[in-house]
Amino acid sequence: MKNMLINNKPPKLIIGLTGGIGSGKTAASDLFAKQGIQIVDTDILARQALQLGSPLLTQVFNHLGKQLQLEDGSLDRAALRTLVFNNPTAKLWLEALVHPWVKDESIKALNEATSAYTLLSSPLLIESGQTNLIERLVVIDVPESIQIKRTSARDKNNPNLVKKIIQQQINRQDRLLHANDIIDNSGDLNDLQKQVDLLHDYYLKLALIKANEQ
Ligand code: ATP
């Protein structure tokens with residue numbers, strides 16, 4: 001690892017970004033990335049954790065069953081989603097396997113990032129105890145009705161499934177209580193861009209102050 005943690009935090013400014021399903025985390029992160037900011041995305045890491053060849057994947061097949069294995073040896077992700085959706089014990093087991101790996105990989109990636117500050121984007125940032133890695137938290141906020149509309153349009157799935165997933169996530173008010181900054185993504189993509197630009201300028205200033213303190 002290039003830089004070691006200082007007081008459990010990477011030495012550079014890390015901003016956490018979270019929000020409920022379909023709130024616009026990816027849309028917002030893409031806009032920060034266009035400004036040259038590196039994004040560590042735990043959703044991407046969680047996919048990598050269970051890709052073909054991963055030792056974690058072998059454990060999944062051994063523990064949850066070979067019926068989750070596709071012909072080419074990879075994971076049937078849809079079958080796994082259905083299994084954990086209906087089986088809370090399996091869900092807890094899977095989280096205990098994947099979350100620590102994702103956290104370790106996130107720390108590595110955060111330490112290797114070279115942009116002025118780095119974003120840690122995670123749908124479970126609050127729930128999975130990753131807040132000790134970040135200095136500020138920006139929450140992407142939209143009303144539930146917009147989450148349902150945008151997610152079911154994007155994934156072409158049933159609004160009731162989206163509602164169930166929202167019910168399993170931290171609720172909107174509790175999530176907002178953890179926020180240092182809030183992006184209201186109930187407007188159009190231009191509105192989102194304006195808010196990201198303002199926050200980006202602010203975070204650049206914070207990053208400069210932090211760099212001068214060290
Ligand atoms: P998930 O939690 O499922 O990973 P997410 O929080 O990353 O979702 P996005 O995928 O960024 O959410 O956004 C959900 C959908 O809404 C996408 O199709 C995206 O293009 C669209 N979207 C995001 N923000 C806006 C906006 N301001 N106006 C219109 N559509 C938007």
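When a ligand or atom number is given, it counts from 1 through the structure's own listing order. The first residue of the sequence shown is numbered 1, and numbering continues consecutively from there. Computed from a predicted structure; not experimentally measured.
For Asp41, there are no salt bridge (Lys or Arg N to Asp or Glu O under 4.0 Å) partners two or more places apart in sequence or in a different chain. His63 meets the ring pair (Phe, Tyr, Trp, His ring centres under 6.0 Å) test with Trp93; sequence neighbours excluded.
A salt bridge does not link Lys210 with Glu213: none of the charged nitrogens is closer than 4.0 Å to a carboxylate oxygen.
Sorted by chain and number, the heavy-atom contacts of ligand 1 below 4.0 Å come from Gly20, Ile21, Gly22, Ser23, Gly24, Lys25, Thr26, Ala27, Asp43, Arg150, Arg154, Asn185, Gly187, Asp188, Leu189.
Between the side chains of Gln35 and Asp197, a donor-acceptor pair is found at a separation under 3.5 Å.
The side chain to side chain contact (heavy atoms under 4.5 Å, CB included) with Val40 is formed by just one residue from the set Ser122, Ser121, Ser106; it is Ser106.
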Without placing hydrogens or testing angles, list every side-chain donor-acceptor pair under 3.5 Å for residues 46-61, not counting sequence neighbours.
residue	atom	partner	partner atom	Å
Ser54	OG	Ala49	O	2.5
Ser54	OG	Leu56	N	3.1

